[in-house]
Amino acid sequence: MGMSYRRYLSGERIYGCSTCKTHLATIHSMMSRAFNGQHGRAYLFDGVVNIVEGEPDDRPMTTGQHIVRDIYCIKCQTVLGWKYDKAFEPSQKYKEGKYILERNLLVDVQ
Amino acid sequence: MRFTDLNRGLPISASSDGSPDHAGPSSLASGSVVDGPIAVTNGHTNGFGPMTNGSAVMGNGVQKRGKMITKVNLPGTTLYNDSMVDREEFVRLVIQSLRDVGYIESAATLEAESGYTMESLEVSQFRRYILEGLWSKAEVALETLGVEDEEGFWDAKFLIRRQKYLELVEARKPTTALHVLRNELAPLKVDPDQLHTLSSLIMCSEPEDLRNRAGWDGASGTSRQHLLDTLHEYIPSTVMIPQRRFTTLLEQARSYQRQKCVYHNPRPNTTFSLYTDHRCSKFDFPRITTTILEVHTDEVWNIGWSHDGNYLASASRDKSAIIWRRGSSNNSTSPGEWTAYLVLRDHQDPVGCLAWSLDDKVLLTSSEQVIKMWNASTGACIRTLEDHTETVTALAWLPDGSGFISGGLDRKITIWNADGKLRDSWGTTAIRLTDFSITPDFKRLIAVGMEDVPPYYPPSEPTRDGSLPPGGVSQPVTKAAHRMLVFDLATKQTEFSVKFEGDLTSVKTSEDSKYLLINHSPNEVQIWDLRTMRTIRRYSNLKQSRHVIRSCFGGVDENFIVSGSEDATVYVWHRESGDLLESLKGHGEGSVNSVSWNPKNERMFASCSDDRTIRIWEAPGPGMYAQDASSEKVPVQPSSASTLVEKGKGKTKQASALDGSEGRVDSIGTWIAHDHHI
């Protein structure tokens with residue numbers, strides 16, 4: 001995979017990995033707070049940094065069938081949420097290419 | 001052989017026929033005769049003056065100087081029919097060269113035979129007057145030398161009188177000097193400032209003081225010769241040929257051939273021959289893997305040679321650093337054998353940076369925000385330094401050896417004493433450092449790095465086109481800016497700052513402290529001129545998108561640029577022309593992360609890769625090709641070298657040249673493949 005450095009974000013509110021504080025996303029790229037993950041509340045983001053994406057996986061969700069990938073912290077490998085590759089319901093298409101981060105796995109960092 | 005040839009061409013065939021008396025009455029002392037022909041020749045060129053040569057000529061009865069030589073009349077004016085070279089110019093330069101080295105008679109003979117004279121009597125007198133300090137005569141002679149314009153004539157006069165004045169001041173004859181200043185220099189209507197400067201020199205109490213202030217090395221130094229060189233600019237070169245003109249032209253030929261020699265990496269003591277154009281062989285270039293070092297259990301991210309060139313340190317994602325040594329101390333003397341001498345295992349995270357102390361006694365490593373100092377002969381961890389709050393990305397010892405500097409993604413540059421005590425901090429820099437380099441002259445620190453990713457504002461309407469980026473590590477939401485900063489090391493002030501679009505992952509400085517080498521994503525290595533702060537060369541072909549890829553200078557006079565690449569290839573360019581010389585295959589899948597040229601061996605460098613190995617690249621040497629025809633066993637030393645195993649620490653596998661390199665068809669590759677089938 002090669003060596004790479006983590007990215008650092010700037011802005012009023014930065015969300016980081018609760019395990020290792022690695023920067024992940026800012027409030028500016030948050031699209032919705034109305035999601036649920038395995039650990040409770042989850043947020044939908046337009047863009048996330050410093051993550052590794054897993055293999056695509058077919059998963060039935062409350063809003064229908066989706067193809068998603070788990071996303072891991074690049075530093076500590078903690079599973080942080082998932083990314084939507086494909087939504088089959090037309091009403092859910094807007095989620096494609098977007099990321100879910102679980103609120104309980106995030107901390108505010110600066 | 002050569003001597004005989006020479007003798008045939010010369011009338012002095014004194015001792016080749018065994019009868020030294022022929023050489024002339026005074027030419028040989030009895031002792032030198034028995035030394036044989038070479039001693040005789042030496043005697044002529046060094047020990048004996050032109051008269052001896054002259055008598056040798058007479059003794060052989062060939063010609064009598066000046067009288068029997070008839071001028072040879074040649075048609076045309078060029079050296080050859082189809083040549084651009086003017087015959088008169090050529091011959092006059094030859095005469096000048098002959099005279100310079102002391103072949104006075106030959107020069108005279110050539111003058112007589114060609115009808116060309118090197119220079120007129122007036123010119124040689126003028127030269128002598130200047131060198132002997134006969135200023136008034138020199139000025140009179142100057143009138144006859146055809147100085148083209150009036151102004152040049154006065155300038156030349158001024159230069160002569162200036163020398164005269166300075167010599168008088170030096171000789172402590174202020175009254176005469178003043179006279180020269182008032183009556184000879186002042187009337188020349190020179191720049192008043194210049195005259196003022198000259199007049200102030202008369203106050204110099206010591207000759208030493210005068211020489212320093214005037215930037216002039218005195219009557220007994222080179223100043224008269226220097227004056228003569230300067231006067232050449234005013235006198236037409238057809239009248240007075242510039243000094244050592246032939247040599248100047250040959251030097252230019254050499255310099256041109258040197259520029260055209262893209263593989264230029266000569267072994268020490270290689271001489272420049274006039275007989276053939278200079279060209280270094282491609283096969284003298286380190287393009288063959290002679291050893292593969294395989295002990296790391298994960299990607300190897302960085303490598304660095306000790307200053308004595310005998311050790312190589314490697315940093316790996318497997319959380320260890322290894323010090324490799326060429327040749328094992330106990331059971332082998334083979335220089336081609338490498339051993340994993342010390343495995344340094346205390347780090348909790350992948351190891352990213354390395355730096356050898358100037359005496360090679362201490363190795364620094366960094367892993368995330370932690371720096372460790374190791375005893376490089378015992379492998380003991382001396383100190384653990386925790387000042388940085390984010391990943392340390394660069395380590396470098398100060399050129400005076402008094403300490404070292406670390407830089408990191410926390411924007412900090414920290415200076416440490418050699419014993420690991422915190423000395424000083426730079427404060428927070430404008431960038432998160434990804435690398436830095438200190439110029440060897442200790443004047444500057446050049447840092448590269450990134451700024452923070454600015455806040456991203458998503459479009460008001462979510463995109464619904466459903467297109468997907470390919471998997472892998474996600475791209476940043478928006479692009480961060482990257483920047484190179486040049487600091488003055490003494491003042492810590494930023495001298496220069498420039499913004500880049502893509503990642504900057506490596507910066508190196510040239511030995512002469514004048515140039516920078518940086519890796520810039522995507523797919524580019526650049527050289528910057530530190531004096532003008534401009535890019536002067538770009539090297540392409542490599543692949544670099546999101547990973548840390550490093551490059552280095554290498555070879556004799558740092559003639560080459562080498563870089564890792566994300567396509568498992570090592571790229572080598574000719575520094576001056578930017579031409580790609582080699583795309584060296586061999587590493588397995590993934591990136592070649594770093595390269596490092598051996599500081600003591602211009603024909604060796606190393607590369608490290610995601611494939612968990614380090615490759616040592618060397619020149620094949622002439623022996624390998626000789627063996628090719630006889631289909632003997634592979635003579636490459638490392639292939640037969642025994643496998644080293646440090647107990648319980650993994651294996652070092654020695655591999656033959658180009659082992660694992662597929663699809664590379666050249667004579668060596670095919671040969672080795674062939675050998676493997678036997």
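Not measured: the values here are computed from a predicted model.
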Practice problem: Supply the atom-to-atom distance A/Tyr8 OH to B/Ile431 CD1, rounded to the nearest 0.5 angstrom. | Solution: 13.5 Å
Quiz item: Given a strict heavy-atom distance threshold of 4.5 Å, which part of B/Asn302 is in contact with chain A: side chain, backbone, both, or neither?
Solution: neither
Quiz item: ring pair (Phe, Tyr, Trp, His ring centres under 6.0 Å) with B/Trp426: which residues, sequence neighbours excluded?
Solution: B/Phe487
Exercise. Heavy-atom pairs under 4.5 Å with chain A are the metric here; pick the option from B/Val300, B/Asp503, B/Ile549 that has the most.
Key: B/Asp503
Quiz item: Who among A/Ser4, A/Gly2, A/Pro56 has the most heavy-atom pairs with chain B under 4.5 Å?
Solution: A/Gly2
Quiz prompt | A/Gln38 atom CD, neighbour heavy-atom count above 12 within 6.0 Å | solution = no
Quiz item: What's the spacing between B/Met450 CE and A/Arg7 CZ if we round to 0.5 Å?
Solution: 5.5 Å
Self-check item: chain A contact via B/Glu368 - side chain, backbone, both or neither, heavy atoms under 4.5 Å
Solution: side chain
Exercise. Give the minimum heavy-atom separation between B/Asn593 and A/Met3, together with the two atoms involved.
Key: OD1-N, 4.1 Å
Practice problem: Using the salt bridge (Lys or Arg N to Asp or Glu O under 4.0 Å) rule, collect all pairs that involve residues 446-455 of chain B, keeping only residues at least two apart or in two chains. | Solution: B/Arg411-B/Asp452, B/Arg432-B/Asp452, B/Glu451-B/Arg483
Practice problem: Select one option (side chain, backbone, both, neither) describing which atoms of A/Lys21 are under 4.5 Å from chain B's heavy atoms. | Solution: neither
Quiz item: Quick check: are there more than 12 heavy atoms from other residues, nucleotides or ligands sitting under 6.0 Å from NZ of A/Lys75?
Solution: yes
Quiz prompt | Options B/Val592, B/Thr391, B/Asp349, B/Thr434, ranked by heavy-atom pairs under 4.5 Å with chain A, top entry | solution = B/Thr434
Quiz item: So what's closer than 4.5 Å to chain A heavy atoms on B/Thr393: side chain, backbone, both or neither?
Solution: both
